Amino acid sequence: MNWSPWQPLGPSFVFTPDLLAETLDGGQAFRWNFDSDGDYWQGVWSTHVARIRHMDNGQLQVATPADSPETVQHLSAYLGQNVDWRAMLDALPWRSDSHLANCLKSLPGLRLLQQSFPETLLAFLCSATKQIPQIKVMCQRLAENLGSEIAPGIQALPTWQQVASASESQLRSLALGFRAKNIKKTADQLASRPELLAEIEAAPYPEAKAQLMELPGVGEKIADCALLFGAAKFEAFPVDTWIIKVLEKRYGLTGWTPTQLSQFGRIHFGPYAGFAQQFLFAWERRQKSPTRA
DNA sequence: AGGCAGGTGGCCA
DNA sequence: TGGCCACCTGCC
């Protein structure tokens, strides 16, 4: 494929290599890969593909397929250019929560990607009891086998309609394992109600979450991930094993159920609880594996 | 070599 | 409600 020349993405995007890795490949999205020869990230989201690298001054450069210059604008939106992260940070309770303050300080500039709701739901339906590298394999195989080609040799994640066209055994052959059954059932439901996801996305958080959880395989955690990462509902507070560890160890909440922890998160961290969650999650995860590409 | 991983749903008291 | 367990698959 022909790629455009590298061009600056603008002064509002300042990243260290570490921060860029955490943002693109830290568990929000699963379709970004680092090319160590070219020293850039290449990723696919919605129907777009791009490459990102950082300059010495911390600003980013982007390359797009030569025939898709509009990708730059889509990328800016995807990276949250239109979100007031500074105001959200300031509204978090770091003044009275020293652990949160440490987490914020350890990864300044961390953002939430602004992803498509349907594909975020699909990716997180793959995530149950899987680690990031394996979730990426599942997404890649879904795209290769069921998704539309958006550039030579590059496929988007399948739409739910496309997922519904596959059989459960086909989905199992894509390494989805026991998740295939629920993904197939959810795909069938969504295919029969094409407007449902848009309605959920437009609903307030509590209603949206309740409706999502009626889909097979969608419990509290996956619903919160889809709403936080795919629908910009920043009060969603996904509680996974990492967050359980943090809240036990640093907040003394031993013996709490995930539902209780999720409620605690929204009360303690406020309307942008999910933003705080991302810092806590990154911090805890990095305690275990401090070095990343 | 076996347990365990960014969960969920079903079954039992 | 609350606890326990099966469930695919791959990696330590």
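Order of the sequence lines fixes the chain letters, A, B, ..., with proteins taken first and strands second; residue numbering starts at 1 for each chain. For clarity, every value in this text was computed on a predicted model and none was experimentally measured.
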ask   = For the residue pair A:Q260 and A:G255, what are the closest heavy atoms and their distance?
value = OE1-O, 4.5 Å
ask   = What integer distance in Å separates A:R179:CZ from B:dG6:P?
value = 11 Å
query = Is the shortest heavy-atom distance from the side chain of A:Y251 to the side chain of A:V246 under 4.5 Å?
reply = yes
key: Rounded distance (Å) that lies between atom C1' of C:dC11 and atom NZ of A:K136   = 16 Å
ask   = With both distances under 3.5 Å as the test, what is the Watson-Crick or G-U wobble partner of C:dC8?
value = none
key: Length of the line joining A:F124:CZ and B:dG7:C1', which is rounded to integer Å   = 13 Å
query = Counting any heavy atom closer than 4.0 Å, what does A:T129 reach on the DNA or RNA strands: base, sugar-phosphate only, or nothing?
reply = base
task = Identify whether any heavy atom of A:R172 sits under 4.0 Å from a base atom; if not, whether one sits that close to sugar-phosphate; answer base, sugar-phosphate or nothing.
result = sugar-phosphate
request  = Taking atom P in both C:dC11 and B:dT8, compute the distance separating them and give it to the nearest angstrom.
outcome  = 24 Å
query = What nucleotide among C:dC11, B:dG7, B:dG6 has an atom nearest to a side-chain atom of A:Q134?
reply = C:dC11
task = Starting at atom NZ of A:K181, determine the distance to atom P of C:dC7, rounded to an integer number of angstrom.
result = 11 Å
inquiry  = Students often mix this up, so state it plainly: with edges at 30° and 60°, are the rings of A:W256 and A:F264 parallel, tilted or perpendicular?
reply    = perpendicular
message = Heavy atoms only, 4.0 Å cut-off, all strands: where does A:G27 land among base, sugar-phosphate and nothing?
response = base
ask   = Whole Å only: how far is the CE atom of A:M138 from the P atom of C:dC11?
value = 11 Å
ask   = With rounding to whole Å, what would you report as the distance between B:dG9 and C:dG10 at their P atoms?
value = 24 Å
Whole-Å distance separating the CD1 atom of A:I135 from the P atom of C:dC11 = 14 Å
query = Could you give the CD1-to-C1' distance, from A:I132 to B:dC4, as a whole number of Å?
reply = 16 Å
Rounded interatomic separation in angstrom, taking CZ from A:R141 and P from C:dT9 = 10 Å
key: Given DNA chain B, 5'-ward residue of the pair A:F229 and A:P216, judged by closest heavy atom   = A:F229
inquiry  = Is there a side-chain contact (heavy atoms from CB on, under 4.5 Å) between A:R53 and A:D39? Walk through the geometry before answering.
reply    = CA-CA 7 Å; A:R53 71 179 185 185; A:D39 197 33; 5.8 Å; no
request  = Count the heavy atoms belonging to other residues, nucleotides or ligands that lie under 6.0 Å from CZ of A:R95, then report whether that count exceeds 12.
outcome  = yes
ask   = With respect to the side chain of A:D240, which nucleotide from B:dG7, C:dG2, B:dG6 is positioned closest?
value = B:dG6
key: Partner nucleotide of B:dG6 by Watson-Crick or wobble geometry (both distances under 3.5 Å)   = none
key: Given B:dT8, B:dG6, C:dG2, the nucleotide with the shortest approach to the side chain of A:T257   = C:dG2
task = Give A:V137 one of three labels, base, sugar-phosphate or nothing, depending on what nucleic acid heavy atoms sit under 4.0 Å from its own.
result = nothing
message = For the base of C:dC7 and the side-chain ring of A:F178, does the geometry meet a stacking cutoff of under 5.5 Å between centres and under 30° between planes?
response = yes
inquiry  = Within a 6.0 Å radius of atom NZ on A:K181, are there more than 12 heavy atoms belonging to other residues, nucleotides or ligands?
reply    = no
message = So A:L215, base contact, sugar-phosphate only, or nothing? Heavy-atom distance under 4.0 Å.
response = sugar-phosphate
ask   = Which value, in whole Å, describes the distance between the P atoms of nucleotides B:dC4 and C:dC5?
value = 12 Å
inquiry  = Checking contacts here: which listed nucleotide (C:dG2, B:dG7, C:dC8) is nearest the side-chain heavy atoms of A:K130?
reply    = C:dC8
